[in-house]
Amino acid sequence: MIEEDLDSIRSDFPIFEFNPKLIYMDSAATSQRPKNVIDKVTEVYSHYNSNVHRGIYSMAEKVTEEYENSRKEIAKFLGANADELIFTKNTTESLNLVAYMLLPKLKNGVITITELEHHSNILPWREVASLANAEIRTVAVDREGKIDYADFEKKVSGSSVLSFTHISNVAGTTLDAKKMVSAAKAEGAITVVDGAQAAPHLKLNLHDLGADFYALSGHKMLGPTGIGILYGNKRLLEDLEPPFRGGEMVTEVHAEGQEWNDVPLKFEPGTPNFAGAIGFGEATKYLEKIGMNDIESYEKKLGKALMEELTKIDGLEYIGPSEGRAALLSFKLKGYHPHDIAAFLDTRSIAIRSGFHCAQPLHERFGFFDGSARASLYFYNNLDEIESLAYSLKELVRL
Amino acid sequence: MSYFFIENIMDHYKNPRNMKIINEASSVFGDSNPTCGDTVKIFIKVNENKIEDIGFQGHGCALSMASSSLLTEMVKGSEMQDALKITESDLMRELGIKELGPNRIKCIALSVKTLKMAIIQYLSKVNHAGGGT
Ligand SMILES: Cc1ncc(COP(=O)(O)O)c(C=O)c1O
């Protein structure tokens with residue numbers, strides 16, 4: 001159980017040793033990383049650093065093997081096959097990549113997203129929509145930041161692509177991804193899920209979920225920065241053309257013509273972030289060791305406590321559901337700008353985010369025109385820290 | 001020290017100076033910080049190259065509001081040319097802040113930039129009109 005092991009879990013994260021007072025509540029922006037991940041990246045660079053999929057000397061074989069083993073490790077973690085995972089830089093790159101992959105299929109089509117989306121799941125679609133003369137539809141959410149399913153059914157009908165976030169990074173709502181994916185598939189739409197906030201917190205099985213594409217970032221789930229994943233349905237990946245081209249993604253290039261490499265390398269042009277990819281594999285091993293089911297149930301408790309403690313504060317308003325939220329809360333306090341809240345909490349060694357969290361339309365939808373302050377937790381947080389947060393916010397209100 | 005505990009800042013934030021609209025202003029300019037939603041609008045009344053009166057309206061974080069308030073105090077009665085020379089560092093010094101991260105400098109820069117634009121707008125208007133007569 002996480003709660004009993006929390007001291008030992010926290011000791012795996014060097015940042016808490018370096019900074020014992022730190023109360024880190026900005027994990028939705030980026031998580032902290034355990035020592036095994038940091039050590040693994042150092043190991044790559046100091047023991048077998050060489051380029052992947054190129055050299056034939058033993059070190060190059062070793063790094064290639066580690067790189068591909070990591071892909072297998074991550075695939076196992078996600079309930080997918082290794083050859084369905086494309087290494088990218090982050091979720092943003094994954095979503096841009098899939099948007100450009102699908103561009104040829106979108107002529108005069110319909111792209112459906114939701115009001116909950118992060119800018120990275122809005123702007124790539126706007127771009128391909130303008131190139132393909134496609135229409136963008138936005139599914140509404142209700143007052144609690146939950147999908148309005150009546151509106152969803154209306155909008156998804158006739159869609160070519162449905163792309164939505166699995167967990168909202170602002171409202172903390174978890175969408176019924178399976179239901180939405182199957183409804184969209186029944187309409188013949190290609191489905192894309194932004195899993196940036198879900199992959200770190202939920203036990204996933206991508207094959208069971210059935211989405212055609214799933215995007216995520218390593219740095220939000222204990223991995224190094226600069227490494228992400230785009231999962232793609234194998235048949236589609238084989239069928240689609242690579243939008244970006246160069247070395248490694250081809251097998252033969254002649255004066256005229258070329259042969260694409262196999263999936264997924266076809267979509268990984270140039271030297272990849274191999275140290276990051278190998279470190280990410282190590283991160284998923286760590287998450288497996290803790291157990292995603294345990295993480296899910298412990299974080300439910302954290303989310304509930306966060307909600308209960310913070311809503312006791314006079315003048316606090318929040319975005320999202322009153323129940324069943326992820327362990328994050330975006331809020332505002334009457335009379336205090338979100339930056340002032342974050343700056344004050346910083347004096348108490350509490351790190352939270354303030355601003356629009358790359359989801360400005362959503363803030364506007366809920367009348368949060370100055371943005372919000374957001375506390376986002378992970379399994380290394382505890383109930384005492386939530387109490388400290390609430391205490392400090394009350395201190396601010398009294399100031 | 002965090003700006004939260006600098007009395008000068010909290011004083012300007014809670015009791016802003018010159019927070020008013022000037023109906024007969026010579027120039028009005030408004031701007032915003034899209035990343036945080038802060039807005040500032042500055043009104044200047046010019047008499048013989050001097051900022052005879054100044055007012056501001058806006059909303060935002062304590063830093064942006066306090067720095068706008070202080071800036072209006074600093075330039076009231078001074079020559080436009082001198083007001084144009086004021087920088088973010090001058091304001092920080094006056095506020096009593098030693099250091100500020102790059103994200104928060106923007107909160108101070110907003111009023112400095114807006115005042116400059118109000119003055120430049122006034123000068124170009126006058127120059128145009130002057131050219132014709
Ligand atoms: C829901 C959601 N989508 C996409 C992203 C973008 O992730 P990244 O910055 O790693 O590309 C984020 C991260 O803030 C997010 O929360």
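Residue numbers begin at 1 in each chain, while the letters A, B, ... track the order of the sequences.
- Side-chain atoms of A/H339 and B/D38 form no donor-acceptor pair, as typed in the model, at a separation below 3.5 Å.
- When the shell of 6.0 Å around NZ of B/K41 is examined, it contains 12 or fewer heavy atoms from other residues, nucleotides or ligands.
- For a residue to count as touching a neighbouring chain, one of its non-hydrogen atoms must lie under 4.5 Å from one of that chain's; by this rule A/F369 touches chain B with the backbone only.
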Applying side chain to side chain contact (heavy atoms under 4.5 Å, CB included), run through B/H59 and A/D370 and close with a yes or a no. CA-CA 9 Å; B/H59 83 182; A/D370 292 334; 3.1 Å; yes

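- Under the 3.5 Å distance criterion, the side-chain polar atoms of A/D340 are left unmatched by any main-chain donor or acceptor of B/C61.
- Residue B/K50 qualifies as open at atom NZ: its count of foreign heavy atoms under 6.0 Å is 12 or below.
- Crowding of B/E24 atom CD: a count of heavy atoms from other residues, nucleotides or ligands under 6.0 Å exceeding 12.
- The environment of CD in A/E144 is crowded: more than 12 heavy-atom neighbours from other residues, nucleotides or ligands sit within 6.0 Å.
- Heavy-atom neighbours of B/N47 CG from other residues, nucleotides or ligands within 6.0 Å: above the threshold of 12.
- Between B/R104 and A/A343 the shortest heavy-atom distance is NH1-CB, 3.8 Å.
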